[in-house]
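First comes the structure, then the notes that go with it.
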Amino acid sequence: QVQLVESGGGLVQPGGSLRLSCAASGRIPTIYAMGWYRQAPGKQRELVATITSGGSTVYSDSVKGRFTISRDNAKNTVYLQMNSLKPEDTAVYYCNRARATMLNWGQGTQVTVSS
């Protein structure tokens, strides 16, 4: 089974940037669409970015224009570049399969945007 490990989170000031990584202990089939999800305190987990097997990307309105999802199949890794961060981006960020049955969730990585 693929095991997902998120990393790259931390504390950043508003307007700053972070790059999150999602590494898999097993191989992520290239046909899998993958996504980044986030969950803020008291909120439901939401899908914020998706990348398909063909490289097409979809973003939620809240992050569109600021976040970029990408994947490196050779490194078996999915990335989320986050720019112009806002306090409302504060959440635990997770990666997982999109548009299909989810894999087991990892621990996620905490992103805190604060002055």
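Computed from heavy atoms alone, side chains included, the values below leave out hydrogens, waters and symmetry copies.
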Between Asn96 (side chain) and Met102 (backbone), is there a donor-acceptor pair under 3.5 Å?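 The answer is no, because no donor-acceptor pair under 3.5 Å joins these two groups.
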
Hey, does the side chain of Glu6 reach the backbone of Cys95 with a donor-acceptor pair shorter than 3.5 angstrom?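 Checking the backbone N and O of Cys95 against the side chain of Glu6, a donor-acceptor pair under 3.5 Å is found.
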
From CA spacing to verdict: side-chain contact (heavy atoms from CB on, under 4.5 Å), Val92, Tyr37: CA-CA 8 Å; Val92 178; Tyr37 304 75; over 6 Å; no

Met82 vs Tyr93, test: side-chain contact (heavy atoms from CB on, under 4.5 Å). Steps then yes/no. CA-CA 11 Å; Met82 306 186 296; Tyr93 284 72; 3.9 Å; yes

Answer with yes or no whether the side chains of Thr109 and Arg38 bring together a donor and an acceptor at under 3.5 Å.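 Checked: Arg38/Thr109 side chains show no N/O donor-acceptor pair below 3.5 Å.
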
Judged by modelled atom types alone, do Ser114 and Thr112 share a side-chain donor-acceptor pair under 3.5 Å?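 Their side chains do not contain a donor-acceptor pair, so the 3.5 Å distance test is not met.
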
Side-chain donor-acceptor contacts of residues 8-31 below 3.5 Å, not counting sequence neighbours, with atom names and distances?
| from | atom 1 | to | atom 2 | distance (Å) |
| --- | --- | --- | --- | --- |
| Ser17 | OG | Asn83 | OD1 | 2.9 |
| Ser25 | OG | Gln3 | N | 3.3 |

Are there over 12 heavy-atom neighbours, none belonging to Gln44, within less than 6.0 Å of that residue's CD?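 Incorrect, the count does not exceed 12.
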
Quick check on Gln107: does its CD atom have over 12 non-hydrogen neighbours (other residues, nucleotides or ligands) under 6.0 Å away?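 No.
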
Shared ILVMFWY cluster between Trp36 and Leu47, side chains joined below 4.5 angstrom?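 No, Trp36 and Leu47 fall in different hydrophobic clusters.
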
Connected via hydrophobic side-chain network under 4.5 Å: Met34 and Tyr79: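 Shared cluster, no.
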
Gap between atom CD1 of Ile51 and atom OG of Ser56 - 0.5 Å precision: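 Atom-to-atom, Ser56:OG and Ile51:CD1 are 8.5 Å apart.
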
To the nearest 0.5 Å, tell me how far Lys43 NZ sits from Thr90 OG1.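 So the gap between those two atoms works out to 13.0 Å.
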
Are the side chains of [Y] and [X] in contact, using a 4.5 Å heavy-atom criterion?
X	Y	result
Leu4	Leu103	yes
Arg99	Thr50	yes
Phe67	Leu85	yes

Kindly state each residue pair satisfying salt bridge (Lys or Arg N to Asp or Glu O under 4.0 Å) with at least one member in residues 66-81, sequence neighbours excluded.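 For residues 66-81, and leaving out neighbouring residues, the salt bridge (Lys or Arg N to Asp or Glu O under 4.0 Å) pairs sorted by first residue read Arg66-Asp89.
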
Measure up the Trp105 and Tyr94 rings against each other and bin them: parallel (under 30°), tilted (30 to 60°), perpendicular (over 60°).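 Ring orientation of Trp105 relative to Tyr94: perpendicular.
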
Set out, in order, the CA-CA distance, both residues' side-chain angles and the distance that settles side-chain contact (heavy atoms from CB on, under 4.5 Å) for Ile69 and Tyr59, then state yes or no. CA-CA 9 Å; Ile69 186 172; Tyr59 302 93; 3.6 Å; yes

